[in-house]
Amino acid sequence: MNYWILKSEPNVYAYDDLVKQGTGTWDGVRNYTARNNLRNMQVGDLALFYHSNIGKEVVGVARIVKEAFPDPTTEDNRWLAVEVVAEKKLEKPVTLAQLKADGSVNHIGLVKQSRLSVIPIEKSDFDYILKLSQQ
DNA sequence: GCCAACGTTGGC
DNA sequence: GCCAACGTTGGC
């Protein structure tokens, strides 16, 4: 069981879009590091859903329901996609500013490597961010 | 709109 | 295989 952060620009694909669709395909990843992370996902893994650019906040939790398969949006078989469902919307989004101000999770990829769209995260950090959303 | 960070490409 | 040039992402 692993934990992740998935990043998306909400004007392209927002958490509410996933809620509406039920099951969403996480495709379009064109970065090898992110692709390798996708490949390591297992059914049942949980991911924080982060809105980049607009909002800059963690808004919900998604659950992986289908492991990596060839990305349907390209003929190029180097790229992979997974399927996810909306697990839970956060009562209160946790903003990047909040995480930075808090300081406890400065080591995570979201803060350190802002360009990566699929980021592995420790369970303790995952839980910590969820806890912040309940305060 | 700017800029830093970082990934990718291509010439050598 | 190295490295400069270029493109993209994303925070500010």
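Letters A, B, ... are given to chains in the order of the sequence lines, protein chains preceding strands, and every chain is numbered from 1.
With side-chain heavy atoms closer than 4.5 Å counting as contact, directly or through intermediates, the hydrophobic cluster containing V65(A) also holds V85(A).
Looking at residues two or more places apart in sequence or on another chain, you find a side chain to side chain donor-acceptor pair (under 3.5 Å) between S104(A) and D102(A), Y128(A). Taking the side chain to side chain donor-acceptor pair (under 3.5 Å) definition, one finds that K88(A) meets it with nothing, sequence neighbours left out.
Regarding L116(A), its CG atom lies at a distance of 9 Å from the P atom of dG10(C), rounded to whole Å. Rounded to a whole Å, the CZ atom of R78(A) is 11 Å from the C1' atom of dT8(B). If you measure from atom CG of N11(A) to atom C1' of dT9(C), you get 13 Å, rounded to the nearest angstrom. I54(A) has its CD1 atom 15 Å from the C1' atom of dC12(C), to the nearest Å. What separates CD1 of I119(A) from C1' of dG10(C) is a distance of 12 Å, to the nearest Å. Atom CG in L99(A) sits about 14 Å away from atom C1' in dG11(C), given to the nearest Å. For the pair L96(A) CG and dG10(C) P, the interatomic distance rounds to 12 Å; values are reported in whole Å.
Residue pairs meeting the side chain to side chain donor-acceptor pair (under 3.5 Å) criterion with at least one partner in residues 55-68 of chain A, sequence neighbours excluded, are R63(A)-E87(A).
Between K56(A) and dG10(C), a side-chain N or O to OP1/OP2 separation shorter than 4.0 Å is absent.
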Atom pairs under 3.5 Å: protein N/O with N/O of nucleotides 1-7 of chain C:
none

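Counted by atom type alone, W4(A) and D45(A) present one or more donor-acceptor pairs between their side chains at under 3.5 Å. With no hydrogens or angles considered, a side-chain donor-acceptor pair links D71(A) and T73(A) at under 3.5 Å. A donor-acceptor contact closer than 3.5 angstrom is absent between the side chains of R115(A) and S52(A).
In the region residues 25-34 of chain A, proximity to DNA chain B at under 4.0 angstrom, judged on heavy atoms, holds for N31(A), Y32(A).
Between Y13(A) and S8(A), the shortest heavy-atom distance links the atoms O-OG, 2.6 Å.
Note: the hydrophobic cluster containing L18(A) also contains L38(A) (ILVMFWY, side chain heavy atoms under 4.5 Å, direct or indirect links).
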